[in-house]
Amino acid sequence: MSPDPLAILAQPAPLVAPALIGWTLTHHTPDGVVTVELTETEAYAGETDPASHAWRGQTARNAVMFGPAGRLYVYLSHGLHFCANVVTGTEGDASAVLLRAGRVVEGVDLAQHRRGEHVALRSLARGPGNLGQSLALTTQHSGAHLLDGGSLVLAPPARPPAAVSSGPRVGVSRAHDWPWRYWLTGDPTVSAYRRSKLASASLSR
DNA sequence: GTCGGGATCAACT
DNA sequence: GTTGATCCCGACG
């Protein structure tokens with residue numbers, strides 16, 4: 001039998017992130033249902049992680065990350081893009097896993113309508129902001145339980161993915177060299193590796 | 001009350 | 001491969 005999903009999520013983020021590859025996230029809305037199979041994740045450790053929102057302690061926005069595992073943390077990036085995280089670890093430990101990309105496996109028409117009619121199938125949920133838009137996630141969903149049988153459901157796959165790769169994190173200005181980014185090897189929905197601007201700047205020195 | 005940074009995306013060369 | 005757009009949140013005085 002497959003183990004209790006909550007037991008998996010209660011581990012530290014760097015262990016949960018690779019384990020989440022291949023899981024599905026489903027969002028039931030009045031419009032219909034969209035399901036995304038996760039193909040790319042990224043771990044954030046919390047207070048010990050300079051790149052985490054929780055680095056400087058608890059605030060009103062990131063309070064969800066300090067709570068128990070199995071809940072959703074959504075934040076607004078650059079004033080435009082909604083990015084979704086799964087809260088991991090134990091209560092009081094502000095670790096979380098960022099959902100960077102996925103493949104839409106259910107509700108393609110609805111997701112395509114949300115993203116724009118001429119968006120390629122494989123690009124529907126490529127990138128954290130695009131994934132959030134395909135699932136119609138906003139900050140009002142932050143704190144929602146994912147294992148509660150609510151409108152948002154996170155579920156393990158029938159069988160583990162074939163191969164998972166790991167590498168440096170993307171788009172963060174600090175601690176980018178921690179290999180805490182994981183993706184389904186060879187999957188077209190995974191974005192190409194882009195070193196952060198600050199990282200490439202320090203590299204050229 | 002003000003300032004500066006940021007876990008991004010899309011378009012253009 | 002590279003550059004610009006664009007809004008919110010948190011820190012500090």
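In what follows, every chain begins at residue 1, and chains take the letters A, B, ... in the order their sequences are listed. Quick caveat: nothing in here was measured; it's all calculated off a predicted structure.
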ask   = Considering residues, nucleotides and ligands other than A:His113, do more than 12 of their heavy atoms fall under 6.0 Å from its NE2?
value = no
request  = May I ask you to verify if any side-chain N or O of A:Arg174 is less than 4.0 angstrom from the OP1 or OP2 atom of B:dA7?
outcome  = no
message = Counting the atoms with a prime plus P, OP1 and OP2 as sugar-phosphate, which does A:Asn85 contact under 4.0 Å by heavy atoms, base, sugar-phosphate, or nothing?
response = base
query = Does one side chain, of A:Thr189 or A:Thr39, offer a donor that lies under 3.5 Å from an acceptor on the other?
reply = yes
ask   = Roughly, in whole Å, what's the span from NE2 in A:His53 to C1' in C:dA11?
value = 15 Å
ask   = Under a 3.5 Å cutoff on both atom distances, Watson-Crick or G-U, what's the dot-bracket for DNA chain C ([ ] crossing, | other strand)?
value = |||||.||||||.
Heteroatom pairs (N/O) under 3.5 angstrom, protein to nucleotides 11-13 of chain B:
none

task = On DNA chain C, check which nucleotide each of A:Leu80 and A:Thr139 is closest to and give me the residue with the more 5' one.
result = A:Leu80
query = Rounded to the Å, how far apart are A:Trp178 CH2 and B:dA7 P?
reply = 14 Å
message = With the stacking rule set at 5.5 Å and 30°, tell me whether A:Tyr44 counts as stacking on B:dA7.
response = yes
Polar side-chain atom of A:Gln112 near backbone of A:Leu124 as donor-acceptor pair, under 3.5 Å = no
query = Looking at the side chain of A:Leu76, which of B:dC9, C:dA11, C:dC8 is the nearest nucleotide?
reply = C:dC8
ask   = Given A:Leu146, which of A:Leu154, A:Leu6, A:Val153, A:Val87 fulfils the side chain to side chain contact (heavy atoms under 4.5 Å, CB included) condition?
value = A:Leu154
request  = For A:Trp180 and A:His176, indicate whether the former's side chain and the latter's backbone hold a donor-acceptor pair under 3.5 Å.
outcome  = no
message = Membership question, hydrophobic clusters at under 4.5 Å side-chain separation (ILVMFWY): are A:Val86 and A:Ile21 in the same one?
response = no
ask   = Less than 5.5 Å between centroids and less than 30° between ring planes, does A:His81 satisfy that with B:dT8?
value = no
ask   = Tell me: CH2 of A:Trp55 to P of B:dG5, nearest whole Å?
value = 14 Å
ask   = With no hydrogens and no angle check, is any side-chain donor or acceptor of A:Thr35 less than 3.5 Å from a backbone partner on A:Glu106?
value = no
Separation of atom NE2 in A:His176 from atom P in B:dT8, rounded to whole Å = 14 Å
request  = Give a yes or no on whether the backbone of A:Leu135 and the side-chain of A:His27 come within a donor-acceptor separation of less than 3.5 Å.
outcome  = yes
ask   = Checking A:Asn130 side chain against A:Arg126 main chain: does a donor-acceptor pair fall under 3.5 Å?
value = yes
message = Looking at A:Asp109 and A:Arg114, is any side-chain nitrogen of the basic one under 4.0 Å from a carboxylate oxygen of the acidic one?
response = no
task = Looking at every strand, decide which applies to A:Leu98 at a 4.0 Å heavy-atom threshold: base, sugar-phosphate, or nothing.
result = base
task = Grab the NE2-C1' distance between A:His78 and C:dG4 for me, whole Å please.
result = 11 Å
ask   = Between A:His53 and A:Tyr44, is any side-chain donor less than 3.5 angstrom from a side-chain acceptor?
value = no
note = Residues of residues 58-74 of chain A with a heavy atom under 4.0 Å from any atom of DNA chain C, listed by number, are A:Thr59, A:Arg61
remark   = note: A:Glu40, atom CD; B:dA7, atom C1'; distance rounded to Å ~ 12 Å
key: Single hit among A:Asp49, A:Asp177, A:Leu98 for side chain to side chain contact (heavy atoms under 4.5 Å, CB included) with A:Arg169   = A:Asp49
